[in-house]
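Working notes, beginning with the structure itself.
Residue numbers start from 1 in every chain, and the chains themselves are labelled A, B, ... in the order their sequence lines are given, proteins ahead of strands.
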Amino acid sequence: MKDKIKGIIESSVLRAHKSKELPSAEFPDIEVEVPKIASHGDFSTNIAMVAASVQKMPPRKIAEAILKHIEDPGHILAKTEIAGPGFINFFISTGAWHPVLRKIHQEDVTYGASNLGQGKKIQVEFVSSNPTGPLHVGHGRGAAVGDSVANILRCCGYDVQKEYYINDSGRQINTLGQSVYLRYKALLGEEIQFPQECYQGDYIRDYAKDILDRKGKALLDQDEAQSILFCARFAARRIISEIRKDLSDFGVEFDNWFSEQSLYDTGKVSAVVEAFKDKHIIYEKEGALWFKTTDFGDEKDRVVVRQNGQTTYFASDIAYHMDKFARGFDRVIDVWGADHHGYIPRVTGAVEASGLSRDRFNVILVQLVNLLREGEPIAMSTRAGEFVTLNEVVKEVGRDAARFIFLTRHYDSPLDFDLELAKKKTNDNPVFYVQYVHARISSILRKGRERGMREFGWDKTAAEMLQEPEELQLIKTMGRYPEVVEDSAKYMEPHRITFYLMELASCFHAYYNKHRVLTDDPTLSKARLCLVLAVQKVIRNGLSLLGVSAPDKM
RNA sequence: GCGCCUGUAGCUCAGCUGGAUAGAGCAACGGACUUCUAAUCCGUAGGUCGCAGGUUCGAAUCCUGCCAGGCGUACCA
């Protein structure tokens, strides 16, 4: 509908210029918005004000000229007016709204989809937690955001891949091996000193026990380094499979699991270091190799190979991002915790250094999660092994509630996650508020079938009976859905969907409380069934982008 | 010190991509179930958009400075 208004304005402006009523041929992009106040119409444009300086005319005069040349072949306009400093307001005739319902019924699961992405390959990498322990709530937020962003982009015509990067190399893996090995030795009765930097959680003991069950005390008879490596690989493999399961229980499935170690095994890390040395982007100083990230806006240069010859995490990160683009992605999106924000300049620098445009790489920084119970903070410390895992949260509050709550804030805003609140079935907890719409409508449809109604789809004559303000409000709100999806794709902001769904749900509940769908008038009942079924489809489509289920009963 | 993020109703947050009278939920108060699910709805009340300047027809939104909070600032990951 908005596009139609845009088209009308555009052609009118051209005609006004041709007839010399508007001197300049220069026109700004036409912005059309839905005014906050209903009395300002269904749509409004500020073009007359924005064009004032170019046209050298007062805004209201420009608006008059535009309105004079308006043509409306489809008869969708009920009224137009000039208001305030020069806004042009458009009032859509009631009958023009009904076809929105036809569109929803026709397009069904694809209502809201678009070709914004034109099939471009785009990768979303998220979670990518180190395989040294279970996922905690913070990872859950990253998972919800990343998964949803990927879903939304896919819905908008991008060819999306969801990827998980496994940091299965380097020091923390060695530390993991050491932690397990020490616990293993302790199980065999040896006196051990368990260092602070080792992983303290109970899961470490479980792995040690499993190794003992499987291998007996064989590990003591061989070279220690070899045993530690064995423990490391064993534990990492176990942790990854548990992470995979936790994510699966959370409704997140990745298209690809990418191993950091593979970058070393295939020589990609050393290749990129050599290549950048040749380009003088990497240089030697004090026995270490440095990447000149200051050339790309970083505060200082960063080490890629240490004095002792070991590569840093940054080295494999460079190779990793090179590899992503080599795999043919037009755009690469990383979802990181906000505590990693200092890494943006250096990774962006690496992307730019290899000749790629920096806007092909985006980082979504997700702020941290504060876990609460009844408003009281739950202390968490990863090092001490005391944390609430994602799995525990999902078990306690349910996957739908957890996912939805993670998406009720802009990712830039810190999130308080209250376990008790998440379980409450009240309006504090908007998941159920939205899901309830779906369930209620299912119930109406069931009742309708019991009464012998069969066809709930689009019917022009019936639909035109929908004249109640609440009905038109619902249709108008549903008409906005495709634009909401596009905007959340453009800005990579899933919370826009969440807020939209709450608004649509609110419109529906208000309607439900005021009007009956199943009435004595068969045509009216048919019209209303067509309406509520459309609402159900939009709710279902939106929830699916968030990875939340749409239940038929609650 | 420097960098990034945040500051909007009592609380939790939208709005920040300049637009008209700044919104929602919760909490408070008052109402609505013999009806398709009350996990719902209707109404009342609640504001110096952190502070001060600037940009312009117009600022919560953009710019500058200041104040407060969070995070970061490793040859750690």
(message) In this structure, how many angstroms lie between the C1' atom of B:rA39 and the CZ atom of A:Phe508, rounded?
(response) 13 Å

(request) With C1' as the reference atom in both, quote the distance from B:rG46 to B:rG10 in angstrom, rounded to an integer. (result) 9 Å

(message) Of the options B:rA14, B:rC75, B:rG72, whose atoms approach the side-chain atoms of A:Glu299 most closely?
(response) B:rG72

(request) Assign A:His495 to base, sugar-phosphate, or nothing according to its heavy-atom contacts below 4.0 angstrom with the strands shown. (result) sugar-phosphate

(request) State, without any angle test, whether A:Tyr500 and A:Ser488 hold a side-chain donor-acceptor pair at a distance under 3.5 Å. (result) no

(request) Give the rounded distance in Å between these two atoms: OH of A:Tyr313 and P of B:rC75. (result) 16 Å

(request) Kindly assign one of parallel, tilted or perpendicular to the pair A:Phe406 and A:Phe417, based on the angle between their ring planes and the thresholds 30° and 60°. (result) tilted

(message) With the criterion set at under 5.5 Å between ring centres and under 30 degrees between planes, would B:rA20 be stacked on A:Phe87?
(response) yes

(request) Can you tell me the distance, in whole Å, between the OH atom of A:Tyr511 and the P atom of B:rC42? (result) 15 Å

(request) Looking at every strand, decide which applies to A:Gln172 at a 4.0 Å heavy-atom threshold: base, sugar-phosphate, or nothing. (result) sugar-phosphate

(message) Distance alone, cut at 3.5 Å: any donor-acceptor contact between the side chains of A:His410 and A:Arg496?
(response) no

(request) Fit a plane to each ring of A:Tyr512 and A:Phe508, take the angle between them on a 0 to 90° scale, and name the class: parallel (under 30°), tilted (30 to 60°) or perpendicular (over 60°). (result) tilted

(message) Rounding to an integer number of Å, can you tell me how far A:Ile344 CD1 sits from B:rG72 P?
(response) 14 Å

(request) Return the orientation label for the A:Phe258 and A:Tyr320 ring planes: parallel under 30°, perpendicular over 60°, tilted otherwise. (result) tilted

(request) Measure the CG-OG1 distance between A:Leu501 and A:Thr477 for me, rounded to the nearest 0.5 Å. (result) 11.5 Å

(message) Starting the side chain at C-beta, find the nucleotide from B:rC76, B:rA39, B:rC41 nearest to A:Tyr436.
(response) B:rA39

(message) Taking 4.0 Å as the cut-off, does a side-chain nitrogen or oxygen of A:Tyr512 come that near to OP1 or OP2 on B:rA38?
(response) yes

(message) Which is more 5' along RNA chain B, the nucleotide nearest A:Arg440 or the one nearest A:Arg409? Just name the residue.
(response) A:Arg409

(request) Please indicate yes or no: is the ring centre of A:His40 less than 5.5 Å from the centre of the six-membered base ring of B:rA20, with the two planes inclined by under 30 degrees? (result) yes

(request) May I ask you to evaluate whether A:Arg60 reaches the phosphate of B:rC57, defined as a side-chain N or O under 4.0 Å from OP1 or OP2? (result) no

(request) For residues A:Leu531 and A:Leu474, determine if any side-chain heavy atom of one lies less than 4.5 Å from a side-chain heavy atom of the other. (result) yes

(request) Take atom C1' in B:rG50 and the same atom in B:rA68, then report the distance between them in whole Å. (result) 8 Å

(message) Closest approach to the side chain of A:Ser44, judged atom by atom: which nucleotide of B:rU40, B:rA39, B:rA20 is it?
(response) B:rA20

Pairwise N/O distances under 3.5 Å, protein to nucleotides 4-10 of chain B:
{"unit_1": "B:rC5", "atom_1": "O3'", "unit_2": "A:Asp412", "atom_2": "OD2", "d": "3.4"}

(request) With the side chain of A:Tyr433 defined as its heavy atoms from C-beta on, choose the nearest nucleotide among B:rG19, B:rA14, B:rC41. (result) B:rC41

(request) Output yes when at least one side-chain N/O atom of A:Lys514 is less than 4.0 Å from OP1 or OP2 of B:rC42, else no. (result) no

(message) Taking the C1' atom in each of B:rC16 and B:rC5, what is the distance between them to the nearest angstrom?
(response) 14 Å

(request) Starting from P on B:rC33, measure out to CZ on A:Arg516 and report it in whole angstrom. (result) 15 Å

(request) Check the distance between B:rU73's C1' and A:Asp298's CG and give it to me in whole angstrom. (result) 10 Å

(message) I'd like to know if the side chain of A:Gln172 pairs up with that of A:Thr132 as donor and acceptor (distance under 3.5 Å, no hydrogens or angles considered).
(response) no

(request) Using atom CZ of A:Phe404 as one end and atom P of B:rA14 as the other, report the distance to the nearest whole Å. (result) 14 Å

(request) Taking only the side-chain heavy atoms of A:Arg496 (C-beta and beyond), determine which of B:rC36, B:rU21, B:rC16 contains the nearest atom. (result) B:rC16

(message) Of the listed nucleotides (B:rC13, B:rC36, B:rU21), which one gets closest to any side-chain atom of A:Ile37?
(response) B:rU21

(request) Considering only atom C1', compute the distance from B:rU55 to B:rC71 and round it to an integer number of Å. (result) 31 Å

(request) To the nearest Å, give me how far apart NE2 (A:His515) and C1' (B:rC41) are. (result) 12 Å

(request) Please determine, for the side chain of A:Lys300, which listed nucleotide (B:rC36, B:rA20, B:rC75) has the closest atom? (result) B:rC75

(request) For B:rC33, decide between syn and anti, treating a glycosidic angle within 90° of 0 as syn. (result) syn

(message) Both A:Pro35 and A:Arg451 contact RNA chain B. Which one's nearest nucleotide lies toward the 5' end?
(response) A:Pro35

(message) Between B:rU8 and B:rU35, how far apart are the two P atoms, rounded to whole Å?
(response) 44 Å

(request) Check whether the side chains of A:Asp301 and A:Tyr283 place a donor and an acceptor atom closer than 3.5 Å, and report yes or no. (result) yes

(message) Whether the side chain of A:Asn46 and the base of B:rG19 hold a donor-acceptor pair under 3.5 Å is what I'd like checked.
(response) yes

